[in-house]
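Chain letters run A, B, ... following the sequence lines, proteins first and then strands; every chain starts at 1.
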Amino acid sequence: MMHWNARAKRSLARGATALLLGLAGCTGSISEEPGKREGPRPAPGASPAEGPAKGSPVVPDRELPSSTRAADGFTIECGPNKACEGEDSPLRRLSNHEYLNTVRDLLGTQSDPTQAFAAETVIDGFDNNALTQLATEQIAQQYHAAARTLAAEVLPRVETLVACDAASAGERPCAETFVEGFGKRAFRRPLQASEKDIFLRLYDKAKGTGTHAESLAALVEAFLTSPQFLYRMELTGRTAGQAKPGEALPLDGWEIASRLSYMLWQTMPDAELMEAAEAGRLRTIEQIAAQARRLLAADRARDAMKRFFTSWLELDTFRDVEKDPMVYPEFTAEVKTELVAEVEAFIDHVFWERKGNLKDLIAGPTSLRNAKLAAFYGDGLGAGPALAPVDLSRGKRRGLLGTGGMAAKLATVHDSDPVKRGLFVREKLLCGHIPDAPPDVMDIAPKPDPAATKRERFEVHTNIGGCDVCHKLIDPIGLGLENLDGIGRWRDTEKGKPIITAGQWAPEDGGGTFTDSVGMLESLAENPRVYDCAVKTWMRYALGRSEIKRDLPTMTKLYERLRTSSDMHELVLDIVQSDTFTKRVVAP
Amino acid sequence: MTKTKTMRIDRRTILRGAGQIGLALPLLDVMQPRRAHAQAADRPRKFFYFHTAHGIYKDVWRPQGEKITTLTDYLSPFEKHKNELILLSGMRQAGGSSSHNNGITCLTALASGGGGPAREVDGLGISFDQILASKQTTKMKSVQLGSKAGGNSAGNRAISWAGKGQALIPQNNPYAFFQQLFSGVQTGGSAAPAPAGPDIEKIHARRGSVLDAVRENFALFERNVSSEDKRRLDAHLTGLRAIERELTSPGAAPGGMCATPDLAAAQQVDWNANDNVPTIIKVQMDLLAAAVSCDLTRVATFRLVGAWGLRDHGSFIPGCGGNWHHDIAHAGGVDKRHITISKWYYQHIAYFLDKLKAIPEGDKDALYNSVVMHSTEYGGNENHHGHADMCYVLAGSCGGKLATGINKIYPGTTTHAPIFTAIAHAFGMPQTIGDPKFGGTEPLPGLLVG
């Protein structure tokens with residue numbers, strides 16, 4: 001266990017630079033002759049990559065992140081796909097999941113048109129990043145097809161979507177009521193006069209050849225195909241003369257309602273949020289925080305938060321975890337189900353019972369077990385059919401990475417895999433980026449060896465120039481978890497030799513040593529980069545975009561608060577009250 | 001204002017559609033009267049690209065001699081088609097560097113980027129299939145297919161790009177693919193009787209009006225959004241225009257071979273189940289062949305299996321169970337199981353060649369007028385993870401423009417970009433493909449006839 005508090009900030013201030021230099025070293029290529037290494041690439045910040053050097057084997061071009069650093073050490077990296085100078089309120093197309101939730105709330109449908117939708121491109125784990133949301137022909141078509149299908153489905157009950165009795169009020173007045181009432185819910189704000197006009201003209205045209213109901217269904221089809229429905233558009237500050245370029249304008253209540261709702265429920269605002277927006281009760285940060293507390297306390301937040309953690313920690317790949325039955329006959333379908341359930345229950349427990357305590361997520365001594373899991377782990381901890389908290393502090397399992405499910409997921413079909421585990425920590429918990437391995441790297445990668453331990457085999461990574469620069473950021477962490485085998489059972493030996501888990505943190509992590517996974521995870525839970533990473537991850541998700549330089553003041557504040565509290569519920573409430581969440585800067 | 005073409009549909013057309021589909025999609029664009037087609041000899045050219053993972057052992061794969069006489073065991077699934085085969089190897093992949101991801105961008109022939117979040121986005125520019133697709137006038141300019149084997153995780157899936165950062169994600173669900181291809185006009189619930197002549201005009205008119213209103217909505221935001229957002233809205237609008245094309249030319253059916261495939265087969269398969277991969281691939285191939293027979297599309301890419309896709313082939317390829325495909329490929333040396341898996345995918349590609357061959361086009365067939373291409377994301381050496389010594393299987397002469405029955409080895413200084421350039425020439429679209437530094441300025445020597 002190392003001493004953090006005194007030197008954490010100092011080392012972090014150094015950290016960003018050190019990590020970047022480290023990555024720069026990573027880009028030296030392995031030439032066709034194994035072991036021979038080319039000179040390092042130019043330092044970051046030098047001119048952009050100019051393509052492969054003449055006469056050399058194909059050298060990957062790697063644009064390296066450049067870094068913007070606040071005085072306290074919080075960092076924002078700019079580079080490929082990181083629009084550091086970008087718009088702080090880009091159009092955000094609904095993710096497939098948001099679309100599904102939204103049409104279900106809007107239309108009361110039970111069908112799922114998103115089954116036929118193209119999967120989203122995921123960036124930093126999330127499917128809601130504006131950067132990747134360019135609609136291709138395929139995507140425009142899928143929305144149109146879904147709108148037609150849904151409009152056809154609601155046709156028999158379309159007149160019930162907005163209360164209006166056409167028999168007494170008249171069809172045309174009811175059409176107006178429909179455009180206003182349904183439109184407000186579909187566009188998540190009242191319609192402007194020009195918009196009402198477009199829809200009423202469509203109604204009139206459709207009414208020329210069809211019934212009142214058919215014409216309303218045509219409106220539904222048009223609403224669901226329109227950009228105001230498919231994209232979250234924040235219009236504040238977009239009218240010429242409304243504000244000076246660079247000025248931060250508070251978003252209006254409707255825009256705040258959508259931000260809150262899509263962040264915490266992944267769907268359109270509910271009636272109460274709509275009423276608050278309508279009545280101007282989403283103006284102060286106290287009002288916004290009160291609504292956020294209400295949303296977070298509701299059942300619907302459960303699913304959304306579960307999806308948040310699934311995206312962040314890549315938990316959706318469990319279903320593809322397979323093991324070689326010759327090596328791991330114990331890894332039955334039933335065991336797999338239980339291990340996945342444990343991880344999900346663990347995340348739920350940390351977020352809902354422990355207020356999202358970040359230290360618990362990484363190094364907490366509690367997991368959720370039942371009798372089947374107790375039997376699988378063989379430590380007697382866990383009883384009965386239902387998963388319930390058990391205290392693991394007498395043993396050596398800690399936090400998320402101590403669960404058998406994560407250990408099995410971050411492994412190969414027949415063995416543990418220190419690189420997968422180390423990369424998970426480096427990329428998901430520390431928000432670091434490790435470039436792809438250089439060409440023909442498999443010629444020197446660790447070879448299968450029935451007699452050697454993982455540590456012995458993976459030494460090749462640190463002995464060969466060119467590999468070490470990245471692998472010293474990965475392997476020691478993974479090797480620290482080597483007591484967990486390929487399906488997450490505890491072991492003290494491998495190939496008849498004692499497992500050595502002791503290791504050293506890279507200088508960019510503050511240096512220091514650890515002797516076992518408990519020490520490694522406990523020091524990880526104190527690493528400022530973990531808090532930096534949690535803030536970035538939540539903000540990316542909440543804003544639907546990558547961080548930009550303008551976010552620095554907000555993120556720095558959030559980071560400082562989280563460093564003190566470790567409480568991600570507080571972080572959520574801090575985010576929704578921050579300037580970045582409640583205001584929009586008018587583009588220069 | 002949208003102009004929609006008047007389509008007349010008679011009762012028999014509807015009955016024909018209903019009989020073939022057997023399930024309740026109320027009204028389909030395929031039921032449109034078959035458009036008279038030109039009898040000209042110059043049939044439309046077609047391009048189909050199939051992608052699998054993990055390289056090929058070139059020394060085991062390569063037959064003897066420049067003209068194909070005897071195929072190796074590796075290539076034996078193509079025995080029936082050996083006169084139509086084009087084997088190209090030895091060149092390196094343009095833009096390849098080290099990783100699976102860089103190899104997957106094969107169709108762009110552009111220098112691939114590095115790691116970090118870029119690996120989840122990839123796509124440095126338009127891919128070759130989309131260059132061809134941009135000139136097509138069929139209902140679907142192109143289609144992108146996949147199977148469960150391509151992997152279900154959202155990233156790392158595309159092999160086609162409409163442009164930089166515009167990944168075209170393969171459709172893994174045959175039922176959704178069926179709907180995309182064969183449905184267009186739908187009315188109410190399944191119990192509703194299929195509309196007759198005047199009804200379809202009404203439906204088309206209403207769809208046109210809806211699209212007009214949607215376009216007006218887009219126009220409201222043209223001015224007050226950032227240039228980046230405007231690019232987004234414009235791309236979306238362009239996509240909507242494709243729907244209009246669908247309205248006005250809902251598919252033609254040359255040769256009287258246009259047959260709607262069995263929807264039930266597409267609907268019943270659980271496309272998420274590993275063990276269904278053989279069925280999924282077959283159904284997707286059947287649908288694609290049906291689309292070709294109805295001339296609904298002429299360009300397709302199909303990711304049969306991805307590097308991080310199917311973990312275990314054991315349940316349908318005996319002797320290949322227990323290990324992840326990736327681990328087998330990287331086990332070192334020549335692993336027979338990797339060859340067995342490669343051959344298994346070749347068999348499916350050969351199945352598609354059979355299907356094309358069975359579609360008559362004048363005195364030739366659809367295979368004659370097509371070029372089918374297969375590659376993996378890695379080169380021809382053991383241990384892979386490099387892009388030297390690539391091995392490409394092509395089939396079909398693209399309307400007599402490509403030399404077939406050949407087995408050519410190219411120097412390692414060549415890249416694969418000129419293959420695409422040659423195909424572009426065969427399509428009558430001579431142009432540089434990929435980054436010019438990779439040599440795609442000129443067609444690959446020896447590939448074009450004459």
Next on the checklist: Between Ser311(A) and chain B, with a heavy-atom cut-off of 4.5 Å, which part of the residue counts as in contact: side chain, backbone, both or neither?
Outcome noted: neither
Checklist outcome for this item: The reported gap from CG in Asp204(A) to OG in Ser209(B) (rounded to nearest 0.5 angstrom) is 11.0 Å
Checklist entry - Step by step, would you call His236(B) with Tyr231(A) a side chain to side chain donor-acceptor pair (under 3.5 Å)? => result CA-CA 11 Å; His236(B) 200 139; Tyr231(A) 293 83; 2.8 Å; yes
Item to check | Separation between OG1 of Thr225(A) and CZ of Arg215(B), rounded to the nearest 0.5 Å | outcome: 12.0 Å
Checklist entry - Given that the side chain runs from C-beta out, which part of Leu219(A) has a heavy atom under 4.5 Å from chain B: side chain, backbone, both or neither? => result neither
Item to check | Salt-bridge present (Glu216(B), Arg201(A); N to O < 4.0 Å) | outcome: yes
Next on the checklist: Quick check on Leu237(B) against chain A: is it the side chain, the backbone, both or neither that has a heavy atom closer than 4.5 Å?
Outcome noted: neither
Checklist entry - Heavy-atom distance under 4.5 Å between the side chains of Phe221(B) and Leu235(A), does that happen here? => result yes
Checklist entry - What pair of heavy atoms forms the shortest contact from Ala213(B) to Leu202(A), and how long is it? => result CB-CD2, 3.9 Å
Next on the checklist: I'd like to verify something: which residue of Met326(A), Glu221(A), Arg93(A), Gln228(A) has the highest number of heavy-atom pairs under 4.5 Å with chain B?
Outcome noted: Gln228(A)
Next on the checklist: If I take atom CG from residue Asn173(B) and atom CZ from residue Phe117(A), how far apart are they, to the nearest 0.5 angstrom?
Outcome noted: 12.5 Å
Checklist outcome for this item: Turns out that what part of Gln115(A) lies under 4.5 Å from chain B's heavy atoms comes down to both
Checklist entry - Side chain, backbone, both or neither: which part of Phe223(A) has a non-hydrogen atom closer than 4.5 Å to chain B? => result neither
Item to check | Met233(A)/Asp229(B) under side-chain contact (heavy atoms from CB on, under 4.5 Å): CA gap, chis, key distance, verdict | outcome: CA-CA 10 Å; Met233(A) 298 177 142; Asp229(B) 284 343; over 6 Å; no
Checklist outcome for this item: Okay, Ala130(A) and chain B: the region with an atom under 4.5 Å from a heavy atom over there is both
Item to check | Per-residue contact mode, Ala218(A) against chain B (heavy atom under 4.5 angstrom) | outcome: both
Next on the checklist: Once rounded to the nearest 0.5 Å, what's the spacing between atom CG of Leu220(B) and atom CD of Gln192(A)?
Outcome noted: 7.5 Å
Checklist entry - Hey, what do you get for CD1 (Ile139(A)) to CD1 (Ile169(B)), rounding to the nearest 0.5 Å? => result 7.5 Å
Checklist entry - Just how far is it from atom CZ of Arg206(B) to atom CZ of Arg148(A), taken to the nearest 0.5 Å? => result 12.5 Å
